[in-house]
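Throughout, residue positions are numbered sequentially from 1 according to the sequence presented. Below, all heavy atoms of this structure are taken into account, side chains as well, without hydrogens, waters or symmetry copies.
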Amino acid sequence: MPAFTLAGGETGGPALLAGHGPIDQAFARRLAGLAPGWDRVFSDPYSGEVLAVDRYRPSAQIKRYLAARDERCRPPGCTRPVHRCDCDHTVAAVDGGPTCAENLGHVCRRHHTGKHHTAWRVRQLGHGVIEWIGPTGRRYADRPPAVVRFVPLADDGPPPF
């Protein structure tokens, strides 16, 4: 559904329901309001070609991946576990940052607020490495755990699970 249609404008264009076709704009707005989440589809206004698909809130799969990757709040030295952190866009979604693992990381509320209201800057270097740049320009790279480690049990029989 075009954004202008969602906002209530009659000039926004038709609302299309996948697998069905055009639907009434008021009904489309009601459906959108009931949805737990929706994907933004960016298309060329002339050709109709889909250019990108995005979502502000990460999917359950991305959340599971990030929890396994990050394990804790990502600024160096913080040990707050991921279940007590926010999943934050490194480049804000409003500034065009995509909702993907390469642009998301866990930060506790303290570091999340500090990231937005202080001179600290953050960028992702790839492979889960997040770089924090302090007000003086000093850089701190935080690397996720390198591998999952399995500790073999003593050879006293089958595992206890």
Colleague: Which heavy-atom pair separates Arg57 from Thr99 by the least distance, and what is that distance?
Modeller: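 Closest heavy-atom pair between Arg57 and Thr99: C-CG2, 3.8 Å.
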Colleague: Within a 6.0 Å radius of atom NE2 on His116, are there more than 12 heavy atoms belonging to other residues, nucleotides or ligands?
Modeller: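 More than 12 heavy atoms, drawn from other residues, nucleotides or ligands, come within 6.0 Å of this atom.
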Colleague: Can you name the closest pair of heavy atoms from Gly105 and Gln124 and give their distance?
Modeller: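 Smallest heavy-atom distance, with atoms named: N-NE2, 4.1 Å.
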Colleague: Could you pull out every donor-acceptor pair under 3.5 Å between side chains of residues 62-69 and any protein atom, sequence neighbours left out?
Modeller:
{"from": "Arg69", "atom 1": "NH1", "to": "Ala101", "atom 2": "O", "distance (Å)": "3.1"}
{"from": "Arg69", "atom 1": "NH2", "to": "Leu104", "atom 2": "O", "distance (Å)": "2.7"}

Colleague: Taking atom types as modelled, find out whether Asn103 and His89 have a side-chain donor-acceptor pair closer than 3.5 angstrom.
Modeller: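 The answer is no; no qualifying pair exists.
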Colleague: Taking the six-membered ring for Trp, are Trp132 and Trp120 parallel (under 30°), tilted (30 to 60°) or perpendicular (over 60°)?
Modeller: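 The arrangement is perpendicular - the two ring planes meet at more than 60°.
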Colleague: Check whether more than 12 heavy atoms from other residues, nucleotides or ligands sit under 6.0 Å from atom CZ of Phe27, and answer yes or no.
Modeller: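 Check fails, neighbour count at 12 or below.
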Colleague: Hey, is the main chain of Gly128 close enough, under 3.5 Å, to the side chain of Arg74 for a donor-acceptor pair?
Modeller: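 Yes.
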Colleague: Got a second to check how far His106's NE2 is from His83's NE2, nearest 0.5 Å?
Modeller: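 Going from NE2 on His106 over to NE2 on His83, the span is 11.0 Å.
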Colleague: Quick check: closest heavy atoms across Cys108 and Cys78, and the distance to 0.1 Å?
Modeller: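 So the two residues come closest at SG-SG, 4.0 Å.
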Colleague: For the side chain of Arg72 and the backbone of Val82, is there at least one donor-acceptor N/O pair under 3.5 Å apart?
Modeller: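 A pair under 3.5 Å: no.
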Colleague: Would you kindly confirm whether Val122 and Tyr140 end up in one hydrophobic cluster when ILVMFWY residues are joined by side chain heavy atoms under 4.5 Å apart?
Modeller: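 Yes: a chain of side-chain contacts under 4.5 Å links Val122 to Tyr140.
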Colleague: State, to 0.1 Å, how close Ala141 and Pro76 come at their nearest heavy-atom pair, and which atoms those are.
Modeller: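 Shortest heavy-atom contact: O-CG, 4.4 Å.
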Colleague: How would you list, by chain and number, every residue that makes a side chain to side chain contact (heavy atoms under 4.5 Å, CB included) with Leu125, sequence neighbours excluded?
Modeller: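 So Leu125 forms a side chain to side chain contact (heavy atoms under 4.5 Å, CB included) with Arg123, Val129, Glu131.
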Colleague: Step by step, work out the side-chain contact (heavy atoms from CB on, under 4.5 Å) result for Cys73 and His111.
Modeller: CA-CA 8 Å; Cys73 178; His111 288 113; 3.4 Å; yes
Colleague: What is the distance from atom CG of Asp70 to atom SG of Cys87, rounded to the nearest 0.5 Å?
Modeller: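 These two atoms lie 7.5 Å from each other.
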Colleague: Might you point out which heavy atoms bring Thr90 and Lys115 nearest each other, and give the distance in Å?
Modeller: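 The answer is O-NZ, 3.5 Å.
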